[in-house]
Amino acid sequence: MKRGVPVSPGVAVAPAYCLDTILSRREPTIIDAAAVSVELRRLEQACAAVVQELEHIVHRVVKDVGPRDAAIFRAQQLLLHDPAVMAKLQTAITQRRFDAPSAIRVTLSEYEHLFERIRDDYLRERLSDIRDVFGRLLAQLSHTHRELDSQLEEPVILIAPELLPSQAAAFQKLRVAGIITETGGAMGHAAILARSLGIPAVSGLRGILQEARTGDLVALDGREGCVYLRPGHEVEAAYRKLAREYGNLQEQLITNRDDEAVSADGIRLELLANVNGVDDARAAVRAGASGVGLYRTEYLFLTHPSVPSEEEQLAVYRSVIEAAPNRQVTIRTLDLGGDKQVPYLGQAGEANPFMGWRSIRLSWEHPEFFQTQLRAILRARRFGLVQLLFPMISTVEELRRVKRLVERTRLALKREGLLPPGDVPLGAMIEVPAAALCLDAVLDEVDFVSIGSNDLIQYLMAADRDNPKVAHLCEPFNPALFRLLAHVLKTCQERGKPVTLCGEMAARPRCFLPLFGLGLRRFSMSPAFIPSIKELARHTRSDEAREVAEHVLGMTSMGQIRGYLTRKLKQICPSVAPLDVRG
Ligand code: PEP
Ligand code: MG
């Protein structure tokens, strides 16, 4: 048995599917004759996509820097039209029978060998272009992987070195029973996606790809972080039973979808959904959510080869709003950077991407797309109740600047006759400790706030949310976090401003008790978790929750808080206790 970081609850038993990614340097994959044409087509599609990707970069560089600097990317485009390069890649597939990613890696290492002997600096520079272009091809192929994968007949447990959010978004259409990764923490975006898809997942199992082979049977428990490779009959039978029990419990809970979200003493709660697109918005209705508390728009951008146009965005926002419960959607502006990278915005090579050019900081420097997004969101008000939420706010200056931009956009839309009637309230994510501490000033500028506890914990604890080595520091049972949250919730209550918590802790049954006790009434989470939090709310009295919160605020260690909340949850609502992940 192996133990990793429990990332997404649930139990699965299924054959492994080892995912080859850009970063893995395994033996080349040899294919059957029948697969040659498929691989040639993948290569061709990847080349076309990279040519297009480079075209966007050329346009941007010409505009921002000048035509001379764009020449590098033009040269890279030419490489993909070079018959000698293309012939080498194609022969690696047709004659040496490599799959497309292996053909690229092998061809690259042959070029590297060849260039080692060249003394001319200019020519040697060409090698970095080849590396860059081949890297882009591999990145594209990790997207197109899904086309092959979608032919998978049986559900599988994916095993990968890591999961990029862009790849994880592609899994929505696949039959994936579970996910295991060598790196990545419980709060990373791929982990969040696994949870929102209801797929059990475990991360931090370094070296598992060395042992696992596609087709091996795997048993996985995402609550405990346990994984068995090639389990014996007994373990297999036990895990199949656990999987059935877990499934039954969830089915039983979802029957509460039409019940009111009220506490045992009648206090109303808003249970909202976090969504990435229209499928999640539909799932939110099925789960009994009362609206969408967080629409992460970046997945639209992550799965798009270039910045989506205003009309394209409007169409997607419209479909999400129309599918959402009560047509209520809080749309968050683009939150790229950190572990969410797209090739066309030119983010690359930062030493600390989570501390750097991320989110609203990146949006400023791309006014062309930021304004386009604001236009599309303001126009989408026509289709339902829309709120606009800005991520990663650290100063009031940022808020003032963003409000000026919204105002300008509104006026422009009005002049064009495109501004629908009705308000669009503005909100700030509270996910940087500076904003939490200066909340009074933030509240002067906005209509509501939403606590992003995933980032708030990572910045409060100086612990990368995606690094399994520090996953224990990112757990929410943290005295410093509860003290900060108490301050935020109290300030919002005093000022009468609505506050939602939309980080992953909103879906953790053990966290519900102190959060409700501190006065939180709006919880936003992946739709899959709404039934269990509703069930728990219906068993909890507010005086009991207040007492829990007071106890927690008096505690000084994570172990103490975790142990206490585990016991309390078992007392108050034992039926939902098995749904929480360990930790
Ligand atoms: C958060 O940080 O808690 C949050 C909800 O935003 P994201 O996870 O998308 O960064
Ligand atoms: Mg965040």
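Along the sequence shown, the residues carry numbers beginning at 1. Keep in mind that this is a model prediction, so the values were computed, not measured. Each ligand, and each atom within it, is numbered from 1 in the order the structure gives.
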State if [X] counts as touching ligand 1 under the rule of any non-hydrogen atom under 4.0 Å.
X    : result
M392 : no
R358 : yes
Q458 : no

Using a 4.0 Å cut-off to any heavy atom of [X], which atoms of ligand 1 qualify?
X    : value
D335 : 9 (O), 10 (O)
L294 : 5 (C)
M429 : 4 (C), 5 (C), 6 (O)
C502 : 5 (C)

Discussion item. If I take every N, O or S atom of D335, is at least one of them less than 2.8 Å from the Mg ion (ligand 2)?
Written reply: no
Item to complete: Answer with side chain, backbone, both or neither: which part of R465 has a heavy atom less than 4.0 angstrom from an atom of ligand 1?
Response: side chain
Item to complete: For ligand 1, indicate whether the residue R332 contacts it via side chain, backbone, both or neither (heavy-atom separation under 4.0 Å).
Response: side chain
NZ/NE/NH1/NH2 to OD/OE distance under 4.0 Å, [X] and [Y]:
X    : Y    : answer
K534 : D259 : no
R495 : D444 : yes
R508 : E504 : no

Backbone N/O of [Y] and side chain of [X]: donor-acceptor pair under 3.5 Å:
X    : Y    : answer
R358 : R361 : no
R538 : E260 : yes
K469 : G204 : no

Item to complete: Indicate yes or no: does an N/O atom of E504 lie under 3.5 Å from an N/O atom of ligand 1?
Response: no
Worksheet item: Just distances here: any N/O of E298 and N/O of ligand 1 closer than 3.5 Å?
Response: no
Discussion item. Checking one value in my table: which N/O/S atom of D455 lies closest to the Mg ion (ligand 2)?
Written reply: OD2
Discussion item. To make sure I understand the geometry: which N, O or S atom in E431 is closest to the Mg ion (ligand 2)?
Written reply: OE1
Fill in: Heavy atoms from other residues, nucleotides or ligands near CZ of R206 exceed 12 (cutoff 6.0 Å)
no
Item to complete: Could you check if a side-chain atom of T181 sits within less than 4.5 angstrom of a side-chain atom of L205, using non-hydrogen atoms only?
Response: no
Item to complete: Assign the ring pair F370 / F390 to parallel, tilted or perpendicular, where the plane angle (0 to 90°) is split at 30° and 60°.
Response: perpendicular
